[in-house]
Asks: 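Mind looking over this structure? Questions follow.
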Amino acid sequence: MFLISNKEIESMAYPFRKIEKKWQKFWDENKTFKTEDTIDSKKPKFYVLDMFPYPSGAGLHVGHPEGYTATDIIARYKRMKGFNVLHPMGWDAFGLPAEQYAIETGTHPKVTTEKNIERFREQLKSLGFSYDWDREVNTTDPKYYKWTQWIFLQLYKRGLAYISEVPVNWCPALGTVLANEEIINGRSERGGYPVYRRPLRQWMLKITAYADRLLEDLEELDWPESTKEMQRNWIGRSEGAEVEFPVVGLDEKIAVFTTRPDTLFGATYMVLAPEHPLVEKVTTAEYRDQVESYRQEASKKSDLERTELQKDKSGVFTGGYAVNPVNNEKIPIWVADYVLISYGTGAIMAVPGHDQRDYEFARKYNLPIREVISGGDISKEAFEGDGIVVNSSNNEFSINGLPVPEAKKKITKWLEEKGIGKGKVNYKLRDWLFSRQRYWGEPFPILFGEDGEILPVPEEDLPVELPPMEDFKPRPSKEDEEPQPPLSRAPDEWKYVEINGKIYRRELNTMPQWAGSCWYYLRYIDPHNDEKLVDPQKEKYWMPVDLYVGGAEHSVLHLLYARFWHKVLYDAGVVSTKEPFRKLIHQGIILGETEYTLYLDGKNQPVSADLVTNNGTHKETGEHLNTRKLSEDEIQKEGDYFVLKENPEIKIDARAFKMSKSRGNVINPDQIVKGFGADSLRLYEMFMGPLKDMKSWSMKGVEGVHRFLNRVWRLLIDDETDTLHPMLTDDEPTSDQLRVLHQTIKKVTSDIEELQFNTAIAQMMIFINEAYKWSSRPKSVMEKFILLLHPFAPHICEELWQRLGHNQSLTFEPWPQYNEEFLKEDTVEIVLQINGRVRATMEVPIELSKNREELQEKALRTEAVKKRLEGKTIRKVIVVPGKLVNIVAQ
RNA sequence: GCCGAGGUGGUGGAACUGGCAGACACAAGGGACUUAAAAUCCCUUGAUCCUUUUGGAUCGUGCGGGUUCAAGUCCCGCCCUCGGCACCA
């Protein structure tokens with residue numbers, strides 16, 4: 001066995017460790033990337049922003065540098081293009097992730113947060129990102145959250161922040177309430193704990209007041225269509241009517257919202273949500289017990305259970321009746337949890353003939369089903385499509401014979417005239433639940449008097465600092481107890497404030513994680529301003545953000561909240577743009593290496609993958625199967641599947657998985673930087689595939705780009721002497737050399753503009769492959785190439801630039817321009833097709849390739865073509881100048 | 001179920017407004033250098049078939065149709081994967 005040591009591998013590679021340290025130190029000491037505070041308004045600006053990270057205890061993972069490298073390439077490129085570039089970084093350090101980590105490790109969040117930030121900063125610096133570190137922000141810094149609190153006060157002043165006792169999503173395991181957006185399938189997004197509904201007094205932000213503007217202004221944004229669509233769905237605007245149904249025997253009316261007022265005559269019963277306040281009044285003595293127990297039952301269910309059981313609708317009759325105002329029909333009132341208290345009015349008119357949910361319910365409980373729109377077959381299913389209205393008239397009014405859209409208009413107008421209803425717009429979007437029963441968040445700048453008076457903390461007293469507390473942990477509370485936030489255990493000096501002889505108590509809840517990240521992009525513009533959130537002159541110059549890169553998981557939460565706050569600040573005159581982020585890109589997630597998995601049964605016999613369910617059990621026997629990872633030489637491809645080499649009957653599962661600790665497929669960037677260098681990591685992350693796509697990691701791929709950088713190095717540096725390579729010359733470049741160079745300039749430039757970094761790198765590889773064939777390496781050509789490579793692999797380029805005799809960083813060197821003259825080739829290859837199939841090619845001088853007649857003639861004179869055309873009649877000849885000649889013959 | 005994105009060699013991926021499918025890289029195979037290995041350099045590499053060779057033929061971008069001189073790209077119908085939403089009245 002011949003083993004080689006790491007030392008030896010190192011000696012073969014270019015000295016990336018030395019180089020990267022050297023230039024990181026240089027950039028740091030010289031503040032190379034500092035964006036001047038005084039604005040040079042003669043220069044065009046470019047604001048390129050990353051979604052700032054939660055400094056988690058796990059440190060950076062390979063997903064972070066993906067987006068960060070992309071933005072760094074843009075930042076470095078734009079600087080060379082003469083732009084004034086703002087490229088900052090900071091920390092989203094409040095909130096659940098940081099706090100959970102603190103709880104798990106039993107250390108105070110302030111301590112862990114500081115430590116984690118330290119580590120993140122070091123890791124980011126080790127990757128050579130060109131951030132202006134003088135603008136670093138930290139959401140947990142009182143100087144920062146002073147302004148988060150200030151924004152809250154603006155919201156409060158405008159009536160956009162209010163306290164309300166509403167049913168909230170209570171997560172006992174986390175000891176806090178959560179926003180709707182933080183719940184996935186009835187479980188907390190963080191940790192996956194069950195969530196229950198319970199009423200609590202909470203701060204709410206009136207995002208619904210901005211629903212229309214949030215929807216409309218999406219139009220002008222250069223964002224992924226899928227993200228815009230998600231926000232549209234989340235806002236969920238629907239037009240319809242609100243109609244009032246009087247309750248029989250009571251002086252009460254039940255208001256319902258419907259998008260189908262045209263089906264009013266088909267309403268045969270009503271349903272109230274279990275939480276609806278009128279349930280008690282409507283319920284008759286006879287039905288009280290069952291209604292009560294149904295409500296009890298429903299309230300105990302978590303959201304998860306309520307949605308999981310959705311297939312089987314349940315409900316109970318209240319004994320009460322309402323009157324359908326269009327036909328004075330007496331219809332029964334039911335309670336069912338398929339009606340949600342939080343949408344519309346919490347009550348519906350049920351039209352089983354034309355709504356599938358009502359249909360199922362009516363079928364189950366034998367309620368009448370009536371057709372009022374023709375076109376379907378309501379004996380089989382509800383007809384929800386457009387049709388012609390039938391059976392819909394009373395003595396003074398009819399919509400019979402009208403198509404659905406017209407019927408809607410007509411009946412809405414009539415309802416308004418009669419005062420029994422009106423046109424209405426409803427949103428799925430609900431007000432933003434803004435309180436958390438947690439320690440690690442911004443305190444609210446709010447005081448309560450003994451009489452319940454709400455007193456905002458005066459602006460000059462901001463920030464309200466978080467009190468230092470040893471015991472910061474949330475207390476999971478019992479279901480029936482009022483939750484006690486950690487701040488309730490704060491010292492009395494903090495909790496109570498005396499103003500004009502009156503004692504006030506501070507708000508004890510804290511703000512949610514999203515508060516600090518809603519506006520951080522503004523603070524970067526003017527990070528040290530103690531007088532203002534941001535100086536208006538600077539804001540006007542830098543906003544909006546020109547490019548924002550971050551994960552698609554923030555499509556709704558962060559990006560919707562930030563837009564909301566931005567619009568409020570716009571109305572308050574703090575910012576000058578309606579929208580914060582002009583262009584948005586989501587980087588795709590990076591999966592672990594592809595794994596080939598073989599399934600084995602209890603007797604250790606292999607089981608073909610098509611017999612295995614998603615949960616890893618046998619489809620036929622239900623047996624839980626073991627797995628074994630296979631190496632690539634144990635498998636082969638057969639048709640669409642991978643199979644076992646030694647037994648091709650057995651199909652193999654070939655998949656890449658999300659990186660996770662438990663799976664053990666997590667790639668740590670530090671380890672890549674150590675083994676191959678930051679430049680290799682950056683280059684590989686960009687070379688993997690299109691930025692937006694999901695892709696899986698490959699160590700071999702990293703080695704590949706590392707080899708490329710080695711080739712770049714050795715093209716310029718003689719390994720033996722560690723000096724400039726003897727083949728470097730001051731010769732005039734040849735036209736061939738200029739052509740490849742200028743093709744590369746052109747391709748790399750346009751690819752960077754379009755964020756297609758993988759193909760830009762491919763072109764640079766082509767250049768290097770070509771350059772190795774040359775007998776001399778003109779310095780002027782090599783220097784241009786180094787400038788092109790620089791945004792991708794800055795360390796190696798700075799070093800080579802310096803060794804080529806420059807004593808300034810290349811950061812502000814002008815970006816190379818390509819010259820169309822050099823791209824021209826003397827001849828062009830023209831493809832000759834016969835009946836659409838390529839049969840030959842011919843070289844023609846460039847000027848001739850534009851001439852249709854000559855091309856056609858020359859093509860027909862070509863031997864190979866003549867041979868093929870023997871005995872055939874030419875029907876047609878298609879000539880595409882500069883490309884091809886296609887001869888159609890029979 | 002609904003909405004969005006996507007399916008191209010052994011792998012990751014290229015292909016401008018329809019004009020030589022598979023750039024670039026990885027893997028694999030062969031060769032050079034070396035006592036040997038590593039590193040490096042050169043060559044081959046979609047599949048099947050024909051030919052002694054140079055070379056040639058046929059098929060091939062999820063599946064089935066269509067438009068066109070020409071389709072990965074356009075149109076119609078379907079299948080699958082990923083992401084999101086999901087009693088929203």
Side-chain angles (χ1 to χ4, degrees), chain A residues 1-5 8-9 11-13 184-185 224-230 232-234 236 238 240 256-260 263 271 306-307 309-311 313 336-340 342-345 347-351 355-358 360-361 426-430 552-553 555-556 586 588-589 594 632-633 635-637 640 642 654 684 687-690 692-705 707-708 710-711 714 719 750 756 758-759 761-766 769 772 829-839 841 875-878 880 882-884 886-889:
Chain A
M1 273 298 192
F2 296 92
L3 293 173
I4 47 147
S5 68
E8 279 175 88
I9 291 183
S11 69
M12 287 152 199
I184 300 193
N185 290 334
E225 195 47 48
S226 58
T227 301
K228 291 209 252 182
E229 197 57 26
M230 257 187 247
R232 280 187 204 113
N233 290 341
W234 194 266
S238 53
V256 300
F257 173 72
T258 176
T259 54
R260 296 293 305 270
T263 62
V271 186
R306 256 170 101 153
T307 42
L309 295 171
Q310 79 183 51
K311 273 167 203 120
K313 294 190 178 21
D337 65 3
Y338 82 90
V339 173
L340 308 174
S342 46
Y343 184 77
T345 61
I348 60 158
M349 63 170 199
V351 185
D355 182 290
Q356 193 54 32
R357 293 155 303 181
D358 297 343
E360 283 162 29
F361 193 81
N426 232 311
Y427 300 92
K428 264 178 10 186
L429 182 71
R430 288 164 223 161
E553 66 273 22
S555 294
V556 178
H586 299 304
I589 64 165
T594 305
E632 265 178 74
D633 44 340
I635 54 166
Q636 61 187 29
K637 185 117 180 197
D640 290 340
F642 281 98
Y684 175 62
F687 188 58
M688 287 173 90
K692 295 173 220 170
D693 290 7
M694 183 191 283
K695 37 211 172 261
S696 64
W697 188 266
S698 154
M699 254 336 157
K700 290 288 183 192
V702 183
E703 287 171 28
V705 295
R707 262 201 288 273
F708 164 68
N710 271 318
R711 280 165 67 76
R714 287 199 313 268
D719 255 351
S750 64
Q756 285 163 358
N758 53 333
T759 48
I761 295 166
Q763 179 61 41
M764 290 190 280
M765 287 173 167
I766 291 171
N769 291 346
Y772 263 95
E829 197 183 51
I830 299 291
V831 172
L832 302 181
Q833 296 182 331
I834 291 168
N835 294 332
R837 297 182 159 233
V838 183
R839 294 304 179 184
T841 58
R875 298 274 150 124
K876 199 172 172 185
V877 179
I878 290 118
V880 182
K883 285 243 166 78
L884 59 78
N886 187 11
I887 300 153
V888 186

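Chain identifiers are assigned alphabetically (A, B, ...) following the order of the sequence lines, protein sequences preceding nucleic acid strands; residue numbering begins at 1 within each chain.
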Asks: So, OP1 or OP2 of A23(B): does either fall under 4.0 Å of a side-chain N or O from N758(A)?
Replies: no
Asks: A89(B) phosphate, OP1 or OP2: any side-chain N/O from S238(A) under 4.0 angstrom?
Replies: yes
Asks: On RNA chain B, nearest-nucleotide positions of R839(A) versus V705(A): which is more 5'?
Replies: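 The residue closer to the strand's 5' end, by nearest nucleotide, is V705(A).
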Asks: Verify, without hydrogens or angle tests, whether Y338(A) (side chain) and F361(A) (backbone) share a donor-acceptor contact under 3.5 angstrom.
Replies: no
Asks: Is the shortest side-chain N/O distance from R714(A) to OP1 or OP2 of C41(B) below 4.0 Å?
Replies: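 So the side chain of R714(A) is within the cut-off, an N or O lying under 4.0 Å from OP1 or OP2 of C41(B).
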Asks: Partner of A27(B) by Watson-Crick or G-U wobble geometry, both contacts under 3.5 Å, or none?
Replies: none
Asks: How long is the span from the CE atom in M764(A) to the OG1 atom in T759(A), to the nearest 0.5 Å?
Replies: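 Reported to 0.5 Å precision, the distance equals 9.5 Å.
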Asks: How many whole angstroms separate atom CD of E632(A) from atom C1' of A27(B)?
Replies: 7 Å
Asks: Enter the distance from E360(A):CD to K313(A):NZ here, rounded to the nearest 0.5 Å.
Replies: 4.0 Å
Asks: From OH of Y772(A) over to P of C42(B), roughly how many Å is that when rounded to an integer?
Replies: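 So the OH-P distance, Y772(A) to C42(B), works out to 9 Å.
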Asks: Just how far, in rounded Å, is C1' of U81(B) from CG of D640(A)?
Replies: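 It works out to 13 Å between those atoms.
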Asks: Looking only at atom P, what distance separates G64(B) and C80(B), rounded to whole Å?
Replies: 16 Å
Asks: What is the separation between atom CD on Q356(A) and atom P on C2(B), rounded to the nearest whole Å?
Replies: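 Q356(A) atom CD is separated from C2(B) atom P by 13 Å.
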Asks: Could you tell me which non-hydrogen atom of L884(A) sits nearest to which non-hydrogen atom of I830(A), and how far apart they are?
Replies: CA-CG2, 3.8 Å
Asks: In whole angstroms, how far is the P atom of C3(B) from the CG atom of N233(A)?
Replies: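 These atoms are roughly 10 Å apart.
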Asks: Take V831(A) and K428(A), find for each the nucleotide of RNA chain B with the closest heavy atom, and name the residue whose nucleotide sits nearer the 5' end.
Replies: V831(A)
Asks: Could you state the interatomic distance from CE (M349(A)) to CZ (R260(A)), rounded to the nearest 0.5 Å?
Replies: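 Here the rounded value is 9.0 Å.
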Asks: Applying a 3.5 Å limit to both distances, which nucleotide forms a Watson-Crick or G-U wobble pair with G1(B)?
Replies: C85(B)
Asks: Between the main-chain N or O of A13(A) and the side-chain N or O of N710(A), is there a donor-acceptor pair closer than 3.5 Å?
Replies: no
Asks: Would you indicate which nucleotide in C3(B), C24(B), C69(B) comes nearest to any side-chain atom of A762(A)?
Replies: C24(B)
Asks: Quick check for you: among G19(B), G12(B), C20(B), whose closest atom lies nearest to any side-chain atom of F687(A)?
Replies: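 Closest nucleotide to the F687(A) side chain: G12(B).
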Asks: If U58(B) has a Watson-Crick or G-U wobble mate with both distances under 3.5 Å, name it; if not, just say none.
Replies: A47(B)
Asks: What's the closest nucleotide to the K876(A) side chain, out of A23(B), C69(B), A25(B)?
Replies: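 The listed nucleotide nearest to K876(A)'s side chain is C69(B).
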Asks: Check the distance between G6(B)'s P and D693(A)'s CG and give it to me in whole angstrom.
Replies: 9 Å
Asks: Taking syn as within 90° of 0 and anti otherwise, name the glycosidic form of G31(B).
Replies: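 Anti for G31(B); the angle lies over 90° from 0.
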Asks: Can you tell me which nucleotide in A70(B), G13(B), A89(B) comes closest to the side chain of N886(A)?
Replies: A70(B)
Asks: Nearest to the side chain of Q833(A), heavy atoms from C-beta on, is which of G84(B), G19(B), U58(B)?
Replies: G19(B)
Asks: Between R837(A) and A71(B), is there a side-chain N or O to OP1/OP2 distance below 4.0 Å?
Replies: no
Asks: Where the side chain of T759(A) is defined as all heavy atoms beyond and including C-beta, which of C87(B), A15(B), C69(B) is the nearest nucleotide?
Replies: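 Comparing C87(B), A15(B), C69(B) against the side chain of T759(A), the answer is A15(B).
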Asks: Quick one: K700(A) NZ to C26(B) P, roughly how many Å, whole number?
Replies: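 The answer, rounded to whole Å, is 10 Å.
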Asks: Looking at R711(A), I'd like to know whether one of its side-chain N or O atoms comes within less than 4.0 Å of OP1 or OP2 on U40(B).
Replies: no
Asks: Taking only side-chain nitrogens and oxygens of R707(A), does any of them come within less than 4.0 Å of OP1 or OP2 of C26(B)?
Replies: yes
Asks: Could you state the atom-to-atom distance from CZ of F642(A) to P of A27(B) in whole Å?
Replies: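 Those two atoms, CZ and P, are 16 Å apart.
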Asks: Give the nucleotide from the list C87(B), G10(B), C20(B) with an atom nearest to the side chain of Y338(A).
Replies: C87(B)
Asks: For U8(B) versus U81(B), give the span between their C1' atoms, rounded off to a whole number of Å.
Replies: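 To the nearest whole Å, 15 Å.
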Asks: Determine whether K428(A) and Y343(A) make a side-chain contact, defined as any pair of heavy atoms from C-beta on separated by less than 4.5 Å.
Replies: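 SC-SC contact between K428(A) and Y343(A) confirmed.
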Asks: With respect to the side chain of E229(A), which nucleotide from A89(B), A25(B), C3(B) is positioned closest?
Replies: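 Output: C3(B).
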Asks: Looking only at side-chain atoms of K637(A), point me to the closest of C41(B), G84(B), U11(B).
Replies: U11(B)
Asks: Could you identify the nucleotide paired to U73(B), looking across every strand shown and requiring Watson-Crick or G-U wobble geometry with both distances under 3.5 Å?
Replies: none
Asks: Just compare C85(B), C24(B), A89(B) and give me whichever is closest to any side-chain atom of W234(A).
Replies: C85(B)
Asks: So, does the side chain of K883(A) form a donor-acceptor pair with the base of C20(B) at under 3.5 Å?
Replies: no
Asks: Once rounded to the nearest 0.5 Å, what's the spacing between atom CD of Q763(A) and atom CG of N758(A)?
Replies: 12.5 Å
Asks: Across all strands shown, which nucleotide pairs with A38(B) by Watson-Crick or G-U wobble geometry, both distances under 3.5 Å?
Replies: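 Pairing partner, where one exists within any strand: none, as none qualifies.
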